[in-house]
Engineer: 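Pasting a structure here, questions to come.
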Protein chains: 2
Amino acid sequence: MKTYTVDNCPIQPVVDIISGKWTSLVLWEISQKHNHYGELKRQLGGISTRTLAARLKMLEKQGIVSRNVFPTTPPTVEYVLTKKGLDLAPILYAMRDWSEKYDNTNL
Amino acid sequence: MKTYTVDNCPIQPVVDIISGKWTSLVLWEISQKHNHYGELKRQLGGISTRTLAARLKMLEKQGIVSRNVFPTTPPTVEYVLTKKGLDLAPILYAMRDWSEKYDNTNL
DNA sequence: CCGGATCCCAGCGGATACTG
DNA sequence: CAGTATCCGCTGGGATCCGG
């Protein structure tokens, strides 16, 4: 029998992506077409700039979102899901459905 | 527009369940019919008893697994997925599929 | 407007030893 | 065999201030 470790778990890549605090929420908001940095900041009441920036950078590095800068004044930055990110969305919806179904119950 | 916070994120319940270190792996092994404590310990090379016990207790508390004790000598304990846990399994498989598809690529 | 840099602290989890 | 108890190092992330 194959033994798994934390580093080759077949689902670990997804777990790593969504695990950090606020990460799933950031991803959710972007998937709901809240694409601008400021908009995200407003939607996510209480997130620190440090964390939001870290999450966006991580998601970009993972190829889940792409970062587009508009050289307006003042500057605007938008984040949109890539193909890879769009493919992840159904999983997020499945997670939401499961969460709603079993909300507060242990049955 | 509805503003989400970390505590009412629609997918947070699932995120909370699988986020902890080793958690996804423990869940995976149980879903692969490795149901005994000792078997899990062996399959998960390197996990500490502290963490394994904590994960199993948490999953039981969440209603994802049920704990069955066999009063043999020496005692045997098995953990099996509940209905709630079985409903979670498809999500784990979807996560695995996504992980395999995008393994190491950022496309 | 969009972040980067720094400081700081709670809590997660590893190692180890012990119980029923 | 199947855990619990204790100690402790390390990292994640909040608050705050600064720069382009």
Side-chain angles (χ1 to χ4, degrees), chain A residues 3-7 9 12 14-30 34-62 64-80, chain B residues 3-7 9 12 15-30 33-62 64-80:
Chain A
T3 73
Y4 287 115
T5 170
V6 135
D7 298 317
C9 172
Q12 198 68 37
V14 176
V15 173
D16 288 342
I17 289 168
I18 63 177
S19 281
K21 190 173 178 185
W22 292 101
T23 311
S24 61
L25 214 38
V26 170
L27 211 45
W28 181 261
E29 290 299 332
I30 294 178
H34 299 140
N35 296 13
H36 294 267
Y37 182 93
E39 195 179 1
L40 288 169
K41 186 83 168 69
R42 254 177 293 112
Q43 287 291 323
L44 305 168
I47 194 174
S48 65
T49 65
R50 180 190 194 279
T51 301
L52 180 53
R55 292 300 172 261
L56 291 170
K57 185 177 290 187
M58 184 272 264
L59 290 172
E60 190 192 2
K61 185 177 177 184
Q62 301 287 335
I64 310 292
V65 303
S66 64
R67 179 176 187 268
N68 301 324
V69 183
F70 298 92
T72 53
T73 45
T76 302
V77 182
E78 81 167 15
Y79 294 87
V80 293
Chain B
T3 74
Y4 286 116
T5 169
V6 133
D7 297 318
C9 171
Q12 198 67 39
V15 173
D16 287 343
I17 288 167
I18 61 177
S19 280
K21 192 174 179 183
W22 292 101
T23 310
S24 61
L25 215 38
V26 170
L27 211 46
W28 181 261
E29 290 300 332
I30 295 177
K33 308 297 178 189
H34 299 141
N35 296 20
H36 294 267
Y37 181 93
E39 195 179 0
L40 288 168
K41 185 86 169 70
R42 253 177 293 112
Q43 287 292 321
L44 304 168
I47 194 173
S48 66
T49 65
R50 180 189 194 282
T51 301
L52 179 53
R55 293 299 172 264
L56 290 169
K57 186 176 289 187
M58 184 272 263
L59 290 171
E60 191 192 1
K61 186 176 177 186
Q62 301 289 332
I64 310 291
V65 304
S66 65
R67 179 178 187 269
N68 301 325
V69 183
F70 298 92
T72 53
T73 45
T76 302
V77 181
E78 79 167 17
Y79 294 86
V80 294

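Just so you know, these numbers use all the heavy atoms, side chains as well, and skip hydrogens, waters and symmetry mates. This structure is a prediction, so every number in the text was calculated from the model and none was measured.
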Engineer: In whole Å, what is the span from the CG atom of A/Leu56 to the P atom of D/dG13?
Structural biologist: 14 Å

Engineer: From OH of B/Tyr37 over to P of D/dC1, roughly how many Å is that when rounded to an integer?
Structural biologist: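 Interatomic distance, OH of B/Tyr37 to P of D/dC1: 10 Å.
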
Engineer: Do the side chains of A/Ile30 and A/Trp28 get nearer than 4.5 Å, heavy atoms only?
Structural biologist: no

Engineer: Can you work out whether A/Gly20 or A/Thr49 has the more 5'-proximal nearest nucleotide on DNA chain D?
Structural biologist: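 It is A/Gly20 whose nearest nucleotide is closer to the 5' end.
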
Engineer: Starting at CG of A/Leu44 and ending at P of D/dG13, how long is that distance when rounded to a whole Å?
Structural biologist: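 In whole Å, D/dG13 P and A/Leu44 CG are 14 Å from each other.
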
Engineer: Spell out yes or no: do the side chain of A/Ser48 and the base of D/dT16 have one donor N/O and one acceptor N/O closer than 3.5 Å?
Structural biologist: no

Engineer: Atom CD1 of A/Ile47 and atom P of C/dC2: how far apart are they, to the nearest Å?
Structural biologist: 14 Å

Engineer: Among D/dG20, C/dG13, D/dG3, which is the nearest nucleotide to the side chain of B/Arg55?
Structural biologist: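 Taking heavy atoms from C-beta onward, the closest nucleotide is C/dG13.
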
Engineer: Hey, which sits more toward the 5' end of DNA chain D by its nearest nucleotide, A/Ser19 or B/Glu78?
Structural biologist: B/Glu78

Engineer: Among A/Val77, A/Asn35, A/Leu56, which one satisfies side-chain contact (heavy atoms from CB on, under 4.5 Å) with A/Leu40?
Structural biologist: A/Leu56

Engineer: Measuring to OP1 and OP2 of C/dC2, would you say a side-chain N or O of A/Arg67 lies under 4.0 angstrom away?
Structural biologist: no

Engineer: Any side-chain N or O of B/Lys57 below 4.0 angstrom from OP1/OP2 of D/dT4?
Structural biologist: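 So the side chain of B/Lys57 is within the cut-off, an N or O lying under 4.0 Å from OP1 or OP2 of D/dT4.
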
Engineer: Take the protein atom NZ of B/Lys21 and the nucleotide atom P of D/dG12, then report the distance between them rounded to whole Å.
Structural biologist: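 Going from NZ in B/Lys21 over to P in D/dG12 covers 11 Å.
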
Engineer: Separation of A/Arg42 atom CZ from C/dC1 atom C1', in whole Å?
Structural biologist: 11 Å

Engineer: Provide, to the nearest angstrom, the distance between the CG atom belonging to B/Leu52 and the C1' atom belonging to D/dG3.
Structural biologist: 9 Å

Engineer: Using a heavy-atom cut-off of under 4.0 Å over every strand shown, decide if A/Tyr79 touches base, sugar-phosphate, or nothing.
Structural biologist: sugar-phosphate

Engineer: Choosing from C/dT6, C/dG3, C/dC1, which nucleotide comes nearest the side chain of A/Arg50?
Structural biologist: C/dT6

Engineer: Can you check whether B/Thr51 has a side-chain N or O nearer than 4.0 Å to OP1 or OP2 of C/dG13?
Structural biologist: no

Engineer: Can you figure out which of D/dA2, C/dG4, C/dC2 approaches the side chain of B/Thr76 most closely?
Structural biologist: D/dA2

Engineer: Ignoring backbone atoms, test whether B/Trp22 places a side-chain nitrogen or oxygen under 4.0 Å from the OP1 or OP2 oxygen of C/dG14.
Structural biologist: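 Indeed, a polar side-chain atom of B/Trp22 lies that close.
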
Engineer: Have B/Ser24 and A/Gln12 got a donor and an acceptor in their side chains that come within less than 3.5 Å?
Structural biologist: yes

Engineer: Heavy atoms, side chains only, cut-off 4.5 Å: are A/Val26 and A/Leu59 in contact?
Structural biologist: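 Yes, close enough: below the 4.5 Å cut-off.
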
Engineer: If you pin A/Ala54 and A/Pro74 to their nearest nucleotides in DNA chain C, which one's is more 5'?
Structural biologist: A/Pro74

Engineer: What is the distance from NZ of A/Lys41 to P of D/dG14, rounded to the nearest Å?
Structural biologist: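 Going from NZ in A/Lys41 over to P in D/dG14 covers 10 Å.
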
Engineer: Just so I know, are the side chains of B/Val69 and B/Arg67 near enough to count as touching, which here means a heavy-atom distance under 4.5 Å?
Structural biologist: yes

